[in-house]
Structures are given as C-alpha cells and as structure tokens.
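Heads up, the thing below is written out as structure tokens.
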Number of protein chains: 2
Amino acid sequence: MFCQAYGMEMQDRVYTMSQAFRLKQSIEDAVIAGEFQPGDRLDEASLAERFGVSRTPIREALLQLGAEGFIDVRPRRGAIVSVPSPTRLFEMFETMAEIASACGRLAARRLTPENDAAMEAAHRACEMAVREGDSEQYYADNRNFHEAIYRASRNSFLADQAFALHKRLSAYRRIQLRARNRLLQSLQEHAGILEAIRAGDEQLAAMRLHDHVLVQGERFSDMVLGLAGDRRSDAAGSRSGTAK
Amino acid sequence: MFCQAYGMEMQDRVYTMSQAFRLKQSIEDAVIAGEFQPGDRLDEASLAERFGVSRTPIREALLQLGAEGFIDVRPRRGAIVSVPSPTRLFEMFETMAEIASACGRLAARRLTPENDAAMEAAHRACEMAVREGDSEQYYADNRNFHEAIYRASRNSFLADQAFALHKRLSAYRRIQLRARNRLLQSLQEHAGILEAIRAGDEQLAAMRLHDHVLVQGERFSDMVLGLAGDRRSDAAGSRSGTAK
DNA sequence: CATAGATGAATTGTATGCAAGACTAGAAAT
DNA sequence: ATTTCTAGTCTTGCATACAATTCATCTATG
C-alpha cells in the first residue's frame, strides 16, 4: 500500500503532551533547583493542589521519576527525594566517571567537526564564566560542556544515560564545584580533556575525564569500600539529629 | 531498576507489595520471555482483563516500564514493546560493553574471596550447561555469571545499572547466543575474563569483557555510524524531551 | 516512668466514570 | 482508482470515590 508512506508524513503533527509528562518535568526541575531537598516528602495531595490537578497525574509523574531513580518511591509510604548514603554517593560518582570516560574514549575515536565545534563553544563559555567569576554561570556552562562530550561519543543511547546520571548528581556536583573553589582547576582539566579528544588519544581522554569527575575521589572511594564491610544503601533518614 | 527486593522487607518489617509493582514485574517478565514481541501493542484494557485488575495499576506499571526504557509509551497512542533501530541496538550493545568492562576493571581491582567464589560457581554452571549442550540453560547461567561480575565491582549502583541494561538486551542476547552457536567460544571468553580479574589486570579484564559483549561488533558499529551521517530519531528515540 | 496496645487521622492504592484525542471505515469528489 | 473528508468507534488521560494501610496520639499497664 502506498498509503502507508503518506500516513507516515502525518507524524510531523504535534501531539499534545500529557499533563503527567509536564508534571514530571516540573517536579524534576524543582528537585534539581533544590526546592525539594533530599529527604523531603513529595506529598501527592499537596503537589496536586500546587499544580491544580488531581492526584492521578501526580502519581504517574512520581512513579516515573521513581523508576528513573530520581526519587525514592516506597510502597504505601510515599515518595521522598532520595537521600543517598555517602557510600552510595561515591558509587554514583564512580559510575558517572566510568560512563563519562567511556564517552570520552568514543569521542576521541569518532570526533566530527560539528561535535568539535560544539565542545569548543561550550569550553569558551566556561572560560568566560571563570573570567567573570560567575560560579552559577559556570555551573550551567559546565553542564553544557559535558553534554557536548556525551554527544560527541556519537552514541545517543550512551549519551542519554550519561546525561540522566549527570542530572541526578547535579545537586551534589554543585556543592563539589563550590566547596572546593575549583573553577579554574576544572577549566584547565576541561582543556586537557579537549586536547586528548582532539589528539584522538582514547586512553588519555578516558583517563582525564575519569579523574575530572572523581577529583581524586577514587582512592578515597576504595578506602571507604575497604573499611565498610557491609554497605547500607537505605534511604532511611539521616534527617533528625545524630542518633544519640 | 534496582527493584530486586524493593518492597519486600525494610527494617525487618514486611510490607505488602502494591499490585502495580507486581504487575510491572509480570509484564517485564512477559516481555523478556518473548511473549510480547517488539512492536506489539500493550493494550491497557486487555492487560487489565488478563491480570484481573483495573486499568489504573496497569497504567502505573506501564509508565514505570516506559521510564526505565523497557517499553515505549507514546502519549495518547499507547505503549508498545520497543523496536530499536539497528543503529540504536548497536548503541545499546556498545553501552553494555562499556559498562560491563567498567565492572570488570573495578572487579579486578577489588576482588574479594566471596565475589571470586560467586563468579567461580557461576562459571562452573556455565561449563556444565555447555557440556550438556543445553542452550537455554547456558542462557540462564550466562546471566548469572555476568551478574556475578557486576556485583564483583563492589559498586552496587553500577551493578544495578549494568543488570538493568542486561535485562533490556536479553531478547537480543539470546538471539546472539543461538544464532552464532558460540556457546563454547563464550565459555572460553568467560575463562579468560575470570583469569584477568583474578590476576588483578584491570586493563585486560576490561578489554576482554568489552570484546566479549560486542563480539567483534565494535568495528561494525563504527562502520554503521560512519555510513549513516545522520541518525534517524525513530519512535523509539530518546526521551530527552525538548532538550536542545 | 517507660513501654505496649489500641484507636483515630492521614495518606496511599485501586476502581470506576467521563471527556478528549486518535484510529478505522466508509462516502464523496477529482 | 486514488485521495480527501467525515462520522463513528476505540483507546487513552484525568477526576473522583472508596478501600486499605500506615502513622500518630492516647490510654492502660507493668
């Protein structure tokens, strides 16, 4: 049937996005922005009231965010913003380092002029932010720079995974950037990463990206793992004061 | 995701799992078992009737599976079992190779006697399956072997990610195993991987795992990427929304 | 005084109903 | 005969109602 080809063309049509999808984005953004802090309860009723919808689409959004690991949905006990234990956080960063370095390795192998230009532009933006000492701006530009590298792997699936994890870690990454005042150091590392990718040196690019993400945290991670025989990855609150 | 024993028991107390969670597992199992083939429609009404529940928990299960990337949920157009394009499939396998090799690298660095024993046991089971020529059994044991390696990374987050992707690719992996009749070859590669991990040779372990997963597919992947200048964004495309 | 048990309030899980968008088939027109 | 328009059916999306379970508070008891 020739009609099928014709029908395909109707796919340019823009379908209305469901409310649940919009809500998912909104809630995710609110979490990333820090409006909901780790440990905070995501109450279905209040979220429904806040967004002017019923509980149903809220529930659907929360469950999806839970499936992505963005929040923690406990059966019959409601959803909370995940509170990863220190060990869990190291594990997440270590995973981020591995995935990022994989992207860098592939990018070094497959670099195209377009991807190169995108990374260059993002790098320039980072430079500008550092020059102006704008930490918030650097945070945003840094995100774009890393996304450009993920894309440069020319593996959109891997890039999606990388970016998803990047978003999940954004709150802690921001702390990391601020706490150590390592804007300039970060920028220099970026330059080294770019250099390695452009040289087509897969190993070097992977290593530099790995170290860039972990920031000397690797050995510390190993140490923690060595000490802690058993690991708890519970989201159980460390909210109230120290257990006495 | 890390759904194993999610709602089973937390802090001694056993909570009743929600229907939606059970349904999620059931539907996922059905997809993995090949009962629903890629492209098949997952109709809410018929699934509800099949499991004897209303549409609500079915919907919630489908949305969660969609968020995990296991199926493809299109707004207002229902859910289907994902039909990755060949390019997409290569990307998924390549990502699996990268994540698996990362697990192997960490396993080589941190191997404990317990993890070693677990891998050994799984390897023995694989040997037995090959000796008896039981392809189905090997498929199951192979899965356990790889899971043992993921766990041996001593990074439970990374291991969860790896296992989730492994499950997602199970249908195609089974084809891969059968089509090439490479049971024996696979077993020998397993032995080589174990050897490298035990020797603490991170690079070798990573490389062997990488090659084991990709099975000479790497160059082919590069070739496909090289030929296809632009990649189709199929219906099974990324869920990155309007991110530019 | 502390702890265990029970009762009421609050919150989540599921079912049902209705509205709106998407698919199908048929008729009209070129 | 092919395409376009249209009407009807089917499916999904959301709201509401109710059931089930968890949490908090209070009381009784050692």
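A, B, ... follow the sequence lines: proteins, then strands. Residue 1 opens every chain.
Separating the CG atom of A:L63 from the C1' atom of C:dT14 is a distance of 13 Å, rounded to the nearest angstrom. Regarding A:K24, its NZ atom lies at a distance of 13 Å from the P atom of D:dG13, rounded to whole Å. B:I80 has its CD1 atom 15 Å from the C1' atom of C:dC23, to the nearest Å. Distance A:E60 CD to D:dC14 P: 6 Å, rounded to the nearest Å. In this entry the distance linking CG of B:L62 with C1' of D:dT11 reads 13 Å, nearest Å.
A donor-acceptor contact under 3.5 Å is not formed by the side chain of A:R76 with the base of D:dT22.
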Any N/O pairs under 3.5 Å between the protein and nucleotides 6-11 of chain C? List them or say none.
from: C:dT11; atom 1: O3'; to: A:R41; atom 2: NH2; distance (Å): 3.3

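At a threshold of 4.5 Å between non-hydrogen side-chain atoms, the residues B:L42 and B:I80 do not count as touching. Taking 4.5 Å as the limit, some side-chain heavy atom of A:L89 sits within range of a side-chain heavy atom of A:L169. No side-chain heavy atom of A:L158 sits less than 4.5 Å from a side-chain heavy atom of B:E94.
With sequence neighbours left out, the salt bridge (Lys or Arg N to Asp or Glu O under 4.0 Å) criterion links A:R143 to no other residue.
Below 30°, between 30° and 60°, or above 60°: for B:H146 and B:Y150 the angle between ring planes is between 30° and 60°, a tilted geometry.
For DNA chain D, the neighbouring residues in residues 49-59 of chain B, judged by any heavy atom under 4.0 Å, are B:R55, B:R59.
Judged by distance alone, with hydrogens and angles left aside, the side-chain atoms of A:R41 form no donor-acceptor pair with the main-chain N or O of A:A79 at under 3.5 Å.
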### Message
Using the rule given for salt bridge (charged side-chain N to carboxylate O under 4.0 Å, His left out), can you reason through A:E91 versus B:R154, listing the C-alpha separation, both sets of side-chain angles and the distance that settles it, and then say yes or no?
### Response
CA-CA 9 Å; A:E91 291 182 349; B:R154 300 200 66 76; over 6 Å; no
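Judged by distance alone, the side chains of A:N115 and A:T112 do bring a donor and an acceptor atom under 3.5 Å apart.
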